[in-house]
Amino acid sequence: MSAETPDYKDTLNLPKTDFPMRAGLPKREPDWLKRWEEIGVYDRLRAKAEGREPFTLHDGPPYANGHLHIGHALNKILKDMVVRSQQMMGKDARYVPGWDCHGLPIEWKIEEKYRAKGKDKDAVPVNEFRKECREFAEGWIDIQREEFKRLGVTGNWDDPYLTMDFHAERVIAEEFMKFLMTGVLYQGSKPVMWSPVEKTALAEAEIEYHDHKSHTIWVKFPVVRALEPTGARSELLGTQVIIWTTTPWTIPSNKAVAFNPEISYGLYEVISTPDECWAMVGDKYLIADALAESVFTQARLEEGQWSRLRDVTSEQLDLLVMAHPLRGAEGADGEWDYDVPMLPGDHVTDEAGTGFVHTAPSHGADDYILGVKHGLQMTYNVLEDGSFRDSLPFFGGEVIITPKGKEGKANTAVIDKLVEAGAMLARGRITHSYPHSWRSKAPVIFRNTPQWFAAIDRTVGDGQDSYGTTIRERALRSIDELVTWTPQTGRNRLYSMIEARPDWVLSRQRAWGVPLTCFVKKDAQPSDPDFLLRDEVVNARIAEAFEAEGADAWYAEGAKERFLGNDHNPNDYEQVFDILDVWFDSGSTHAFVLRDRPDGSEDGTADLYLEGTDQHRGWFHSSMLQACGTRGQAPYRGVLTHGFTLDEKGMKMSKSLGNTVAPEQVTKQYGADILRLWVAQSDYTVDLRIGPEILKNTADSYRRLRNTMRFMLGALDGFSEDERVAPEDMPELERVYLHQLAELDEQVRAGYAKYDFQGVFQALFHFATVSLSAVYFDIRKDALYCDPVDSLTRRSARTVIDETFHRLVTWLSPILVFTMEEVWLERFPGEESSVHLQDFPEPRPDWRHPEAQGRWNMARDVRRVVTGGLELQRQNKVIGSSLEAAPKVFVSPEMATLLDPEHFADVCIVSQIEITSEPVPDGAFTLPDIPGVGMVFAKAEGAKCQRCWKILPDVGQHANPGVCSRCNAAIEAAKG
RNA sequence: GGGCCGGUAGCUCAGUUGGUUAGAGCGCACGACUGAUAAUCGUGAGGUCGGAGGUUCAAAUCCUCCUCGGCCCA
């Protein structure tokens, strides 16, 4: 700069904004949260949206214990992006968050507390215990609510739904009583982990595994019927199937033997025996080949004393029928004179035992499933205290586990009887890991207990049959005809589960939940028609009481008399004290939220349920079954499932691996917007990875986007409606960008409509950082900074930036809730101003201008050749800034007519440009993928304008020294 | 062990009905600018598309097996 040329910087219109480059989100986000609460954004939106088409996202309730983990954050952020985007697209998008409050984990916490104080749970009145559970849940709800809010999740936080609300408990009971009245409900039995010491059922998590010394026995089951697959009589008749078990006491309850068709089996013959041996010469045994040797060893036979006769195929095994080893025993009174079928089962292995599994459906999980599948009879041989029922021949009254947790005589009694019957082949002892009660530390047993079931394949009989007559039919047809699945794969997963699932076990022997509000007739059998009391008047009394007092009413003194009233004699009925599976609670939310709340859904059906893939087995599933039983169809029209959060390497997060990422940690280090951006950048249809590197990357992307927004704010400084230019008056470049906005509008709406946040964000991010920042802004900086304030180009550019601003900020606001609010307020400050009260700007199809876009595509290709050639000169140190260049561009005659040199110089950010349709000369710079276009470099002629830095021939010939004519005019105009 | 899902550059993702040298952004390296400046602009280097077979003129894409990982069951 020479001494006589003034500093022109002040005469430029440089971008001006107070918007900080660095966000400081962790510190500032809480302020915006506070502000939203103060102006009541959620309520205002409800008021504003009145009369709009509703969109109901129904919240799957998290369990009210413990702090949030990253999976919760992912889930709620996705929900929030759905709700916000639907609202801004013109819907009335309500969101009522909920909590799941009943259930075992909370009971444990209270029990733990009792134990620490040396208090006995069983000595505490039920309602006192329930009260403590309720208070515990309330405490965590308050904590989790704050943690969710901190993530920027909007919704009706002041009035969420809780499964333990009195009204909810009333509705859950009512929904259950619908099952009672329609006949879907029945009493059956199922083996559960049972502690004879405490006389109670235990959940899996209440079990500890310790070493335990058990009996182990090998028992012969005589084959009494055998056919070849051809129908001919089989030689296997009269042979014996060998089973192995560590629970001899279950033999009296045997109903089948299981084999695995994948295992190879053989027929073995005993050739000779040592003394003192239960095997008999000539005996023929069926054993898995892999285990035969070990079995004979246990039976004290040495090599050579037995031989393998032949293969036995699974087809042959399938047709065998055995007798119970105690069949015909004297004094058994025919107790065991039934047939024992041979059944195929995948759970059978040839790693231990004999390859045949003794099956007692009342005393094992696999056994039970096999029993249900093949219609085996349940037995009721074992009582609450772990003793055999008195009427059981030989063993009545014998105890399996004594009240002190020691072994009773049941096992040896059974063994002795088997020896007597000649059914034993071998016996021994084994030390193995065995389940024990976490409370008494005593061994537990599998024992079938009465449980309440919902029949899945029974005709419901409530007349709501448009999707089928049974729960299963209704569910399967809903899946295909009513529900839209995102992603599609969710459909198959739920379908195959519901297709294959057994009846729903509704009852739990627990205290913290909604009771199965029903009465059974004393001394009646479950099969009797009057076994269950079905009385609408009684039901209504229960509902009324629960509404007022909650489900505690069921446990209050005199409840039975109160509910039965004068219509039934309390002495004739037993009150059921089991509680409902908590999945029935959450499966009923559609009734007490969607149906009963004014901010529920018009038709009681949600537009969307959105949860992790584990909820195919959980909430999607239970809600489906529950609703199909009570209202004949799915409670949702849409289901979105997301994957699980894994660490950076794709491994499961665990405290022991030290690879966990807590939401709180992220909000503290980066801010909730970064976490939300991480969600938007990820593909939620599969598992998502998160870790330090990924978060750093996300923060980098954020910074880049933030700077682009900052530039727009600066460029729009002082923008007023007077300078707005109509599209038809704009330069072509501006029309191209309006066209792109119109296209983006369509893309963004379509993306949000199908919950494709990743697609939306990538399109917007790419547009902002590439189309705008690297191209459009770079080109228009000259006009924005240097043109006279009223120049058409400058005003057009500001108009386009304004339109872009409104769209980008609103489109991104469902994702970056804090930052977009910050950006919005920078331009539109005001006590009640908020981007979250805006809708997306109306689509502008009239902005479409495909011809301009087509010409721009061509111009951009030519530009690439120019900038490519310039880069070469820059590398050769011929130029630094592109404004030092005045290239000559060789294009086709058609192109030449479309390129205006003055504008195209701006587009290429050079001082001068020459466009010619002469053929491309040798030595010109070209790009292989842009044929017919060449560039020959030349330095710009003239002097550098001290104001706009272009090198032009006329610089220095104007009133103001050292500037070009445009800048001279601009300075004069500014002087007014 | 079973059902379902996934493995494309350091990271996040594209890749249409199998069809030219597998794309983008971020990050990285180098350069330019110093009027978006703890910014901005440009150029470049990164991939045996988890592995092995097979079908085909042609496979990231279709088939089989294996492997690693995830959810849910057993």
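So that the names make sense, note that chain A is the first sequence line, chain B the second, and so on, each numbered from 1.
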*Report the base-pairing partner of B:A36 (Watson-Crick or G-U wobble, both distances below 3.5 angstrom), or none.*
none

*Distance test, side-chain N/O of A:Q681 to OP1/OP2 of B:G25, below 4.0 Å*: no

*Mapping A:C948 and A:D778 onto RNA chain B by nearest heavy atom, which one lands closer to the 5' end?*
A:C948

*Inter-nucleotide C1' distance (B:G42, B:C5), Å rounded*: 42 Å

*Taking only N and O in the side chain of A:R780, is any of them less than 4.0 Å away from OP1 or OP2 of B:U40?*
no

*Determine which nucleotide pairs with B:G6, using a 3.5 Å limit on both distances of a Watson-Crick or G-U wobble pair.*
B:C68

*Under the side chain to side chain donor-acceptor pair (under 3.5 Å) criterion, do A:D581 and A:W504 qualify, and how do the steps go?*
CA-CA 9 Å; A:D581 176 13; A:W504 185 1; 3.1 Å; yes

*asked:* So if I take every side-chain heavy atom of A:W949 and compare against B:C71, B:A24, B:G35, which nucleotide ends up nearest?
replied: B:G35

*asked:* Assess the residue pair A:N857 and A:R860 against the criterion (side chain to side chain donor-acceptor pair (under 3.5 Å)); give the C-alpha distance rounded to whole Å, side-chain angles, the decisive distance to 0.1 Å, and a yes or no.
replied: CA-CA 5 Å; A:N857 292 342; A:R860 222 173 28 191; 3.2 Å; yes

*Taking the side chain of A:E871 as its heavy atoms from C-beta onward, which of B:C11, B:G42, B:C5 lies nearest to it?*
B:G42

*Of the non-hydrogen atoms in A:D782 and A:C948, which two are nearest, and what is the gap between them?*
OD1-CB, 4.2 Å

*On a whole-Å scale, what distance lies between the C1' atoms belonging to B:C11 and B:G27?*
7 Å

*Would a distance-only check, ignoring hydrogens and angles, find a side-chain to backbone donor-acceptor pair under 3.5 Å from A:W824 to A:V809?*
no

*Quick one: which of B:C26, B:U40, B:U43 gets closest to the side chain of A:F765?*
B:C26

_OP1 or OP2 of B:G7 under 4.0 Å from side-chain N/O of A:K649_ = no

_Phosphate contact (B:C41 OP1 or OP2) by A:S773 side-chain N/O below 4.0 Å_ = yes

_Can you check the distance between B:C72 and B:U56, where both ends of the measurement are the P atom (answer in whole Å)?_
42 Å

_Rounded interatomic separation in angstrom, taking CZ from A:F711 and P from B:A36_ = 7 Å

_B:A58 pairs with, by Watson-Crick or G-U criteria that keep both distances under 3.5 Å_ = none

*Using a cut-off of strictly less than 4.0 Å, decide whether A:Y785 has a side-chain nitrogen or oxygen near OP1 or OP2 of B:A36.*
yes

*Heavy atoms under 4.0 Å, any strand shown: does A:E648 hit a base, just sugar-phosphate, or nothing?*
nothing

*Given atom CG of A:L883 and atom C1' of B:U40, what is their separation to the nearest angstrom?*
14 Å

*asked:* Could you check whether the side chain of A:T17 and the base of B:A36 have a donor-acceptor pair of N or O atoms closer than 3.5 Å, going by distance alone?
replied: no

*Inter-nucleotide P distance (B:C28, B:G7), Å rounded*: 27 Å

*Considering only heavy atoms and no angle criterion, is a donor-acceptor pair shorter than 3.5 Å present between the side chain of A:R493 and the base of B:C71?*
yes

*asked:* Any strand counts, and the cut-off is 3.5 Å on both contacts for Watson-Crick or G-U wobble. Which nucleotide pairs with B:G44?
replied: B:C28

*asked:* Is the phosphate of B:C26 approached by A:R704 (side-chain N or O, under 4.0 Å from OP1 or OP2)?
replied: yes

*Does A:K652 have a side-chain nitrogen or oxygen under 4.0 Å from the phosphate oxygens OP1 or OP2 of B:C71?*
yes

*Considering only the P atoms, how many Å lie between B:G3 and B:A45, rounded to the nearest integer?*
46 Å

*B:C5 P sits how many Å from A:D683 CG, rounded?*
15 Å

*Could you give the distance separating B:G47 and B:G6 at their P atoms, to the nearest angstrom?*
26 Å

_Distance under 6.0 Å and angle within 45° of ring axis: A:R491 vs A:Y495_ = yes

*Short side-chain N/O contact from A:K9 to OP1 or OP2 of B:G35, under 4.0 Å*: yes

*Would you indicate what A:L12 reaches in the nucleic acid, counting non-hydrogen atoms under 4.0 angstrom: base, sugar-phosphate, or nothing?*
base

*Using Watson-Crick or G-U wobble geometry with both distances below 3.5 Å, tell me the partner of B:U16, or none.*
none

*Report the glycosidic orientation of B:G44: syn if within 90° of 0, anti in every other case.*
anti

*How long is the gap from CZ on A:F805 to CG on A:L772, to the nearest 0.5 Å?*
13.0 Å

*What interatomic distance, in whole Å, is found between P of B:G19 and the corresponding atom of B:A58?*
14 Å

*Taking the six-membered ring for Trp, is the centroid-to-centroid distance between A:F761 and A:F757 below 6.0 Å?*
no

*Partner of B:G1 by Watson-Crick or G-U wobble geometry, both contacts under 3.5 Å, or none?*
B:C73

